[in-house]
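Remarks on the structure that follows.
Heavy-atom basis, side chains included; hydrogens, waters and symmetry copies ignored. Numbering of residues begins at 1 and proceeds along the displayed sequence.
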Amino acid sequence: MINGEKMIIGYDLSYRYAQISYCRIGADTPQTYAPADKARQFNIPLCLFKRNSVNQWFLGREAFAAKEQEEGHFLDNLFMQALQQEEVTLGEESYEWMALLALFIKRSLYLPGKECRPEKVSGIMFTLPVLTEKTVELMQQLIVLLNLPECKIAFQGREESIYYYITRQPKELWRENVLIYDSNGENIIGYRFKRNQNTRPVVAFVEEKELGRLYGDDEQKDGQFLQMVQESAKAADACAFLLGEGFHGEWSRDSLRLLCHNRRVFKGNDLYSKGACFGMQEKMAGKKQTEMIFLSKDKLRTNVGMQVMRSSQESYLAVLDGGENWYDCSKEWDIILTQGNELVFTLTPLDGRNIRNVEVVLDELPKRRDKMTRLRLHATMKSSTVMEVEITDMGFGDFAPASGMRFMQQIDLSIGEV
């Protein structure tokens, strides 16, 4: 390291494998971990092996090797097992799958070498194939289990990793649309990076589409992918990226020839982890883009607020801000009801159209004199379109003891979205 500057890590956590890219905070080109004898083979199989009777663990490719040579327990499919919140028994001991996934991640951080030991890392950005309420909960628990108090840890979806990677490339590569084909799994997934340059700031977004599955011999796969390219590629795509181990080899001759017509094409396998590095760089810098914003399916596309009285004047209270990742949106605040038992939330889509008010009625709230009820509100997002509000009756000191009543309300923000 130079001048003791700490590193940041982009960690691609998939269903079957992990990838680790790393760089210094201000670096332009992250590196991606690969075994010394397997250059550019970046995927680390998401598995563990525990030897019998001893607390010795192997991970990734070493776990597969130990499985053939040692007596013990081979544990695969760690991500999906951890989502089930269950335990596994190895000999006389039981382990939570979540703890085993955390063990895999923490030990994998030592693979790139001494520069990236956890104590020398100041930030880790995980990128996941999909962010649902369940996977977000998994990541929140993992962050606690990793127990890295000196390290900032965050996570984002693959669409956001694509955005950060693409916009850090030379501008001539993304002057128009960018096409991405991912063949890491059984299916081919297509992504297209686009920008709406008629808005200020410019709005960037990534479209996603399942394109189908490749099967058969090389000639058959080439024909199938050729048809996918014919149906999905457009003249406005300035360049294309082929991602994943599925594109290894020379089978895609005809389809690649068509894809290369009037556009540049790149093969690789570490775009997501490098994009996660760039995403963490921006998060740690604390600067927001002013010329371009990114809206993905994980972004909140509606501003949420309330009209409240402050110093005898009506004003707007911002609750949740559109443009933020839904899983990062959370706010707790207190209000005093002036009268009645109703709350009104104002929902304003980012395009400023179809503004609407949503009324929440607190049935069975104790009846008190006006301005004698204090409520504590806590708002979180359950998905990119569903806000959940927890409302607690705090009373009003000695004048009106708190009842402790709690109300839960979910509000659909999708109506009238951009």
Side-chain angles (χ1 to χ4, degrees), residues 130-133 136 154-168 171 174-180 190-209 232 234 236-238 275 278-279 282-283 286-308 314-331 333 343-360 377 379-389 409-418:
V130 64
L131 288 170
T132 62
E133 184 178 357
V136 166
F155 51 91
Q156 64 188 28
R158 281 188 168 172
E159 290 182 2
E160 196 154 8
S161 292
I162 289 171
Y163 164 76
Y164 281 117
Y165 181 86
I166 295 298
T167 55
R168 292 293 289 268
K171 284 191 176 181
W174 49 281
R175 68 185 187 277
E176 297 183 79
N177 300 341
V178 177
L179 190 59
I180 297 161
Y191 298 95
R192 177 174 281 107
F193 170 85
K194 301 176 69 174
R195 292 176 298 154
N196 182 352
Q197 300 190 65
N198 296 321
T199 62
R200 290 295 178 270
V202 172
V203 175
F205 52 97
V206 174
E207 298 173 341
E208 176 185 350
K209 186 177 181 180
S232 60
K234 298 179 180 179
D237 298 322
F278 293 136
E282 184 152 322
K283 183 174 282 287
K287 297 179 181 178
K288 287 193 175 183
Q289 286 267 7
T290 56
E291 297 180 358
M292 180 166 58
I293 62 172
F294 177 63
L295 289 182
S296 71
K297 63 185 179 185
D298 296 320
K299 299 290 186 181
L300 178 61
R301 300 195 177 194
T302 301
N303 292 308
V304 181
M306 303 179 75
Q307 294 295 329
V308 299
E314 187 172 326
S315 65
Y316 178 81
L317 171 68
V319 176
L320 300 178
D321 294 326
E324 299 292 329
N325 288 317
W326 67 265
Y327 46 84
D328 290 330
C329 292
S330 177
K331 185 179 180 71
W333 72 106
L343 301 174
V344 178
F345 292 90
T346 300
L347 312 182
T348 308
L350 291 180
D351 65 357
R353 297 179 296 179
N354 300 317
I355 299 173
R356 62 192 175 100
N357 291 326
V358 174
E359 187 179 90
V360 176
L377 286 74
T380 56
M381 295 297 298
K382 310 303 288 184
S383 70
S384 62
T385 59
V386 177
M387 179 179 74
E388 184 172 85
V389 184
Q409 180 74 41
Q410 290 194 349
I411 299 174
D412 183 5
L413 308 183
S414 61
I415 301 174
E417 268 197 354
V418 289

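Using a 3.5 Å distance cut-off with no hydrogens or angles, the side chains of Ser161 and Gln156 do pair a donor with an acceptor.
Closest non-hydrogen pair, Tyr164 versus Gly275, comes out as CB-O, 3.5 Å. Between Ala204 and Tyr163, the closest heavy-atom pair is CB-CE1, 3.9 Å. For the pair Gly322 and Asn303, the tightest heavy-atom approach, listed with the atom from each and the gap, is N-OD1, 2.7 Å. Shown here for Ala318 and Lys331, the closest heavy-atom pair between the two residues is O-CE, 3.2 Å. Residues Asn196 and Asn198 approach most closely at OD1-N, 3.0 Å, considering heavy atoms. Among all heavy-atom pairs drawn from Ala238 and Arg175, the shortest one is CB-NH1, 4.1 Å.
Using modelled atom types, no side-chain atom of Arg301 and backbone atom of Ser414 make a donor-acceptor pair closer than 3.5 Å. Arg192 contributes a side-chain N or O that, together with a main-chain N or O of Ser232, makes up a donor-acceptor pair within less than 3.5 Å. One N or O on the side chain of Ser384 and one on the backbone of Lys297 form a donor-acceptor pair closer than 3.5 Å. With hydrogens and angles disregarded, a donor-acceptor distance shorter than 3.5 Å links the side chain of Arg200 to the backbone of Gln197.
A heavy-atom distance below 4.5 Å is not found between the side chains of Thr167 and Phe294. A heavy-atom distance below 4.5 Å is found between the side chains of Met387 and Leu320. Two residues are said to be in side-chain contact when any heavy atoms from C-beta on lie closer than 4.5 Å; Val389 and Val360 fail this criterion. When side chains are defined from C-beta on, Ile162 does not count as touching Val178, because their heavy atoms never get closer than 4.5 Å. Counting only heavy atoms from C-beta outward, the side chains of Asp298 and Glu160 never approach each other to under 4.5 Å. Looking at Lys299 and Ile293, their side chains never come closer than 4.5 Å, going by heavy atoms from C-beta outward. Proximity of Thr132 to Ser383: side-chain heavy atoms (C-beta onward) are nowhere separated by under 4.5 Å.
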Report task. Step by step, work out the side-chain contact (heavy atoms from CB on, under 4.5 Å) result for Leu131 and Asn325. Result -> CA-CA 10 Å; Leu131 288 170; Asn325 288 317; over 6 Å; no
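The OH atom of Tyr316 sits 8.0 Å away from the CD atom of Gln307 when rounded to the nearest 0.5 Å. Interatomic distance, Leu343 CG to Asn357 CG, rounded to the nearest 0.5 Å: 12.5 Å. Atom CE in Met381 sits 5.0 Å away from atom CG in Leu300 (nearest 0.5 Å). Taking CG of Leu347 as the start and CZ of Arg356 as the end, the distance is 4.5 Å to the nearest 0.5 Å. Here NZ of Lys382 is found 13.5 Å from CD1 of Ile411. Values are rounded to the nearest 0.5 Å. Going from atom OH of Tyr165 over to atom CZ of Arg158 covers 15.0 Å, rounded to the nearest 0.5 Å.
Partners of Tyr327 under the ring-ring contact (aromatic ring centres under 6.0 Å, His included) rule, at least two apart in sequence or in another chain, are Phe155. Under the ring-ring contact (aromatic ring centres under 6.0 Å, His included) criterion, Phe345 pairs with no residue at all, not counting sequence neighbours.
Within 6.0 Å of CD in Glu291 there are 12 or fewer heavy atoms belonging to other residues, nucleotides or ligands. Within 6.0 Å of atom NZ in Lys283, 12 or fewer heavy atoms from other residues, nucleotides or ligands are found, so the atom counts as exposed in its surroundings.
Using cut-offs of 30° and 60° for the angle between ring planes, the Trp174 and Phe193 rings count as perpendicular.
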